[in-house]
Amino acid sequence: MQKLSYIIICIFILSNVNLSQTSPHGDDLKVDCIVCHTTEGWGISNSKFEHSSTEFKLIGQHQDVNCISCHTTLRFNEAKIDCESCHTDIHENSVGFDCERCHSPESWVVPEIEDIHRMSRFPLLGGHKIADCSDCHESSSLLNFKPIGANCSDCHFDDYQATTKPNHIASNYSINCDECHSISSVTWYGAGIVHAFFPLTGGHDVADCYQCHQQDTFVGLSQDCSSCHINDYNSTVNPSHITLGFSTDCQSCHTIDGWQPATFDHDDRFFPIYSGEHSGEWDECSDCHTNQNNYAEFSCIGCHDHNQSEMDSEHSGVDGYVYDSYACFACHPTGHDDGSFSHTQKFPLAGSHSNITCSDCHVTSYTNISADCNACHQSSYDNSQNPNHKTLVLSEQCEQCHDLTEWTQTTFNHTTTGFELLGSHTSVDCADCHAVNVTNAVPECFSCHENEYTNALDHLAQSFPKECEMCHNSVTWIETTFDHNATNFPLTGAHITSNCSDCHSAGYSNISTECSSCHQTDFDNSTNPSHQTLGLSIECAVCHTTNPGWVPAEFPEHNNYFELLGAHAAIASNCVDCHNNDYNNTPTDCVGCHEADYNNTTNPSHSALQFSTTCDDCHSVNAWAPATFDHDGIYFPIYSGEHKDEWNECSDCHTTQNNYAQFSCIDCHEHNQTEMDSEHKDIAGYVYESIACFDCHPTGDDANRGILKFKIEREY
């Protein structure tokens, strides 16, 4: 006994000696033990190990994680550095495994969702900026961000159908919402409407579309002021626009900001009635303009409280005095009592007018003299050659271009034409643009710059848009910019870094936004899997996003080829598990993927017993167990009755592994032949063999329910 104890002690010592020479961390850890351990014991205290010396620096929340959370074994190099090795993919492979695209070690919270969305095929603009993620991503977990439709109607088709003012369905409006609505707007109404064809500014800045569009159809509305404001025109009585035949071109006097103030400046151009002595002394235009058919006529003497006798007496010393309205105006152009005539009030004599004689202008009379330049200078207009005013049909309002000093010094506020002169346009001669006729000049860049367009590289060959301002500015041609996000095809994902010519190889107009219009070749040449062979949809967005490399991708049509049920449904997003990056040669029979499971099964050995390779004969797609091999009901109860939990392997009873039709009872029971012979001495035909045991005890019970059957078979 002492010798045996001695041997055991020696074995224990030798075992410890051997262990002390082998590092539990493996041979790859090249760090001195003292960095983490002390001579007091193997316990770790104040470790000096610098994790930054590895490929995985501890930053953010990784600094506070317990070592064993990542290092589940003492062989530290077995820990992986990719996120998915430690963190469950709660997004279900809908965004790929590159967690750092959205998350940081500091927190799982995504701080810059707009920047991330900008890299997708759908940047967040307008109302989408303030929308909740779940409004669009309606997955069961709200964390599955599988690709969804990027067209407006994919989400807003219900809005399209429910809209009644106007009724989009009845009016057969396009379901391409961005033809009328702006993706940058936060509402469907008002500022959200793309109304660039008629800018809604000034008095037109209305929220209720039906103030102008009084029918349910929004097409065919005239842009002429009078088409909406003819009632305002007709009902105006002071002065009566109808009676005086005023132009129905409202903007000749009014602006879109409001009817008042109008550009009819009575005080400065004619006579002060809103200021001075006459302010508040009249009610209607007809008080002075007694001839409603001619507003060039006026009356002074008809409305004053003094008669001709008094006026004759007061003006007895005034040469040329007559009791006449026009004479009153000639001496009292501002309505003041003093009788000194001031030319400044009516027509200031400045510039070249200051050194001419009265008769140069007042050839026939001192009354009813027009203040319009062309009244005196019509011949100058008609005879002008550089430029030829008559040929170019220039305006006869000389003051638009000329001043009072000399004709050659000209100024013209070009902004009033609707075409402001900016950049390089400020330094060009008028004739450069108005070579033929100033009234027929158009503001489109192409009308003047067709030569630049034609001679520019690729513009003509590739049918570039002729709206030059889409890319160029008025300063110089070479400074070009183009905001693709302002079109109906925002650039996202791989499109951001693509060259313009990659998509616009044939031109820049009438370019389809359908993926297949650019990627038909990718579709046709795809071999893994062959999209053509499988007859897949050419709607690329059904499976792909705009991310580079076509990944990650979805395949919603999988059930058309192989139904994903049971355990297969749980790995639906892990395509590589079944396809191993080969999507053309993946078998659909069970053994094609599960041959290793078949070969490695030992209890029972499927290969040794030559079980069928048609797995679904016994197994279901839910799991390998339970299987449909009903041992208790068909053969012998081993999962119930006396034999339940009394065996471990099939080989406990089936000792001949090549023939499961054979079995043994007497090798595993705890009674020997002598005892069995004694217990069965009264049983006729008893023999000590397994087949006899089964004949008498077919359910494994102690009762001799099978004895009669045994006797009959043995004796007869």
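With sequence neighbours excluded, no residue forms a side chain to side chain contact (heavy atoms under 4.5 Å, CB included) with T602. Not counting sequence neighbours, the partners of D115 by the salt bridge (charged side-chain N to carboxylate O under 4.0 Å, His left out) test are R118. The side-chain hydrogen bond (donor to acceptor under 3.5 Å, both in side chains) search around D135 returns none, not counting sequence neighbours. Evaluation of the side chain to side chain contact (heavy atoms under 4.5 Å, CB included) rule for H568 yields F562, L564, H594, V621 as partners, not counting sequence neighbours.
For H519 and W550, the ring centers are positioned less than 6.0 Å apart. A centroid separation of less than 6.0 Å is found between the aromatic rings of F694 and F663. You'll find the ring centres of H680 and Y688 outside the 6.0 Å limit.
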Please report, to 0.1 Å, the donor-acceptor pairs under 3.5 Å made by any side chain of residues 631-643, with sequence neighbours excluded.
residue, atom, partner, partner atom, Å
H631, ND1, F636, O, 2.8
D632, OD1, I638, N, 3.0
D632, OD1, Y639, N, 3.1
D632, OD2, Y639, N, 3.3
D632, OD2, S640, N, 3.3
D632, OD2, S640, OG, 2.9

Distance-only check: which donor-acceptor pairs under 3.5 Å involve side-chain atoms of residues 58-66, not counting sequence neighbours?
residue, atom, partner, partner atom, Å
Q61, NE2, E106, O, 2.9
Q63, NE2, G60, O, 3.2
N66, OD1, I68, N, 3.2

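Ring geometry for H181 versus H168: interplanar angle under 30°, hence parallel rather than tilted (30 to 60°). Between Y160 and F157, the ring-plane angle classifies as parallel under the 30° and 60° cut-offs.
When all heavy atoms are compared, the tightest approach of N144 to E92 is ND2-OE1, 2.5 Å.
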